[in-house]
Chemist: 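Below are the structure tokens for one structure; questions will follow.
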Amino acid sequence: MSKKKGKFDLSHMVHEGFVKEGQVLYFVSDPSKSCKVAKQPSGDYKVIASGEVTTLHLLAQKLLGQDPPGHASKWFRVEGGKTLYDLWQDEYAEAA
């Protein structure tokens, strides 16, 4: 049984073990800019950058100065170099 490719959800990515709470994510265009995955009181996961809690999309928009071309998850990578988008796509490739 294959999974349908769903909407990107950072909380789902944490629950499935693709990223971890407290993990640092790096902005692809400028690795000196980063954020940390953090669990919110609601149980959802968002990112913290410069002390501000936000979504990946809003952070990408802020760092790029425009709406992110493609998906916002393409603009953040883990320590090993894979983008969140690649990790998300890998999940569905493995489930197929």
Side-chain angles (χ1 to χ4, degrees):
M1 184 167 94
S2 68
K3 286 185 180 181
K4 287 185 179 180
K5 183 163 57 169
K7 181 179 169 187
F8 179 84
D9 179 356
L10 184 60
S11 296
H12 175 77
M13 297 294 287
V14 173
H15 292 299
E16 293 298 316
F18 288 94
V19 293
K20 295 178 171 53
E21 182 176 0
Q23 184 170 357
V24 176
L25 305 175
Y26 300 91
F27 187 56
V28 172
S29 297
D30 181 354
S32 71
K33 295 177 180 162
S34 63
C35 59
K36 261 190 191 174
V37 177
K39 188 173 187 177
Q40 301 306 297
S42 65
D44 289 336
Y45 287 85
K46 293 191 178 185
V47 294
I48 298 177
S50 302
E52 182 181 340
V53 177
T54 187
T55 64
L56 276 180
H57 182 86
L58 290 175
L59 182 56
Q61 192 174 40
K62 180 179 180 180
L63 294 173
L64 289 165
Q66 64 181 28
D67 212 31
H71 197 278
S73 63
K74 291 180 178 180
W75 293 92
F76 295 92
R77 67 168 180 81
V78 295
E79 182 72 34
K82 272 198 164 186
T83 66
L84 290 181
Y85 183 84
D86 291 337
L87 292 172
W88 175 41
Q89 297 306 301
D90 288 351
E91 174 187 11
Y92 290 97
E94 290 171 9

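If you're wondering where the values come from, they're calculated on a predicted model, not measured in any experiment. All heavy atoms count here, side chains included; hydrogens, waters and symmetry mates do not.
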Chemist: Determine, using the 4.5 Å side-chain heavy-atom cutoff (strictly less than), whether Val78 and Leu59 are members of one ILVMFWY cluster.
Modeler: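 The answer is yes; both residues are in one hydrophobic cluster.
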Chemist: Take Leu63 and Trp75, measure what side chain to side chain contact (heavy atoms under 4.5 Å, CB included) needs, and give me the verdict at the end.
Modeler: CA-CA 10 Å; Leu63 294 173; Trp75 293 92; over 6 Å; no
Chemist: Are the side chains of Glu52 and Lys62 in touch, meaning some heavy atoms are under 4.5 Å apart?
Modeler: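 They are in contact (side-chain heavy atoms under 4.5 Å apart), so the answer is yes.
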Chemist: Applying side chain to side chain contact (heavy atoms under 4.5 Å, CB included), run through Phe27 and Phe76 and close with a yes or a no.
Modeler: CA-CA 5 Å; Phe27 187 56; Phe76 295 92; 4.0 Å; yes
Chemist: Do Pro69 and Leu64 have side-chain heavy atoms sitting under 4.5 Å apart?
Modeler: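 When only atoms from C-beta onward are counted, Leu64 and Pro69 do touch, with a gap below 4.5 Å.
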Chemist: Can you pull out every ring-ring contact (aromatic ring centres under 6.0 Å, His included) where at least one residue sits in residues 35-66? Sequence neighbours excluded, please.
Modeler: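 ring-ring contact (aromatic ring centres under 6.0 Å, His included) check on residues 35-66 returns His15-Tyr45.
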Chemist: Search all heavy atoms of Thr83 against all heavy atoms of Lys74 and return the closest pair with its distance.
Modeler: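 Smallest interatomic distance, heavy atoms only, reads CG2-O, 3.7 Å.
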Chemist: Are Leu84 and Val28 grouped together when hydrophobic residues (ILVMFWY) are joined by side-chain heavy atoms under 4.5 angstrom apart?
Modeler: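 Looking at the clustering, Val28 is in a separate group from Leu84.
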Chemist: Hey, what do you get for SG (Cys35) to OH (Tyr26), rounding to the nearest 0.5 Å?
Modeler: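 One finds 10.0 Å between SG of Cys35 and OH of Tyr26.
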Chemist: Of all heavy-atom pairs between Glu21 and Val14, which one has the smallest distance, and what is that distance?
Modeler: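 Minimum heavy-atom contact is N-CG1, 4.3 Å.
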Chemist: According to the interplanar angle, ranging from 0 to 90°, do the rings of Phe8 and Trp88 count as parallel (below 30°), tilted (30 to 60°) or perpendicular (above 60°)?
Modeler: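 Perpendicular: the ring planes of Phe8 and Trp88 meet at over 60°.
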Chemist: Sort and list the pairs that fulfil salt bridge (Lys or Arg N to Asp or Glu O under 4.0 Å) and have at least one residue in residues 33-49, not counting sequence neighbours.
Modeler: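 Listed by first then second residue: Asp30-Lys33.
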Chemist: Give the minimum heavy-atom separation between Ser34 and Ala49, together with the two atoms involved.
Modeler: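 Scanning both residues, the minimum pair turns out to be O-CB, 3.9 Å.
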Chemist: Where do Arg77 and Pro31 come nearest, in terms of heavy atoms and distance?
Modeler: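 Looks like NH2-CB, 3.8 Å.
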Chemist: Going from CG on Leu87 to OG on Ser73, what distance comes out if it is rounded to the nearest 0.5 angstrom?
Modeler: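 Rounded to the nearest 0.5 Å, the CG-OG separation comes to 9.0 Å.
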Chemist: One pair to check against side chain to side chain contact (heavy atoms under 4.5 Å, CB included): Thr55 and Val47. What are the steps and the verdict?
Modeler: CA-CA 6 Å; Thr55 64; Val47 294; over 6 Å; no
Chemist: Apply salt bridge (charged side-chain N to carboxylate O under 4.0 Å, His left out) to Lys20 and list each qualifying residue two or more places apart in sequence or on a separate chain.
Modeler: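 If we apply the salt bridge (charged side-chain N to carboxylate O under 4.0 Å, His left out) test to Lys20, skipping adjacent residues, there are no hits.
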Chemist: Identify whether Leu25 and Ile48 are in the same connected component of the hydrophobic contact network (ILVMFWY, side-chain heavy atoms under 4.5 Å).
Modeler: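 In one cluster: no.
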